[in-house]
Amino acid sequence: MIHRVDERLRQEARRFRLVFTCGDCAQYDPEADRCSLGYPHVMHQEPDLDARDEVVFCKAFELR
């Protein structure tokens with residue numbers, strides 16, 4: 001899901017410690033640098049919302 005990044009999202013992400021990158025997902029295999037479900041993961045790697053206009057949330061994200 002593609003979501004526009006605005007100041008409200010940035011503030012709420014900091015306040016609630018929102019995590020959304022592959023490194024925080026139970027499906028991510030860091031040794032092989034891949035999603036165990038086979039989904040592409042490059043667009044989910046950058047956690048810095050200050051440098052982005054949009055963020056792509058993975059539909060299969062499962063917090064570790």
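Across all their heavy atoms, Q45 and T21 have their closest contact at O-CG2, 3.8 Å. Nearest heavy atoms, C25 versus A60: SG-O, 4.2 Å.
The side chain to side chain donor-acceptor pair (under 3.5 Å) pairs that include a residue from residues 46-57 are R14-D50, where partners are two or more places apart or lie in different chains.
V19 is not listed as a side-chain neighbour of R64, based on a closest heavy-atom distance of 4.5 Å or more. For the pair E7/Q11, a side-chain contact is recorded, criterion being any heavy-atom separation below 4.5 Å from C-beta on. Between L9 and H3 the shortest side-chain heavy-atom distance falls below 4.5 Å. Inter-residue side-chain proximity for D24 and F61 is flagged as met; some heavy-atom pair is nearer than 4.5 Å. Side-chain contact check for Y39 versus R34: every heavy-atom pair is 4.5 Å or farther apart. Residues M1 and V56 have side chains not in contact (no heavy-atom distance under 4.5 Å, counting atoms from C-beta outward).
Atoms SG and CD, on C35 and Q27 in that order, are 6.0 Å from each other to the nearest 0.5 Å.
Take R4 and apply the salt bridge (charged side-chain N to carboxylate O under 4.0 Å, His left out) test, not counting sequence neighbours, and it matches no residue.
In this structure, Y28 and H41 have tilted ring planes: the angle between them lies in the 30° to 60° band.
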Does the pair L49 and F20 meet the rule for a side chain to side chain contact (heavy atoms under 4.5 Å, CB included), with working shown?
CA-CA 11 Å; L49 292 178; F20 54 88; 3.6 Å; yes

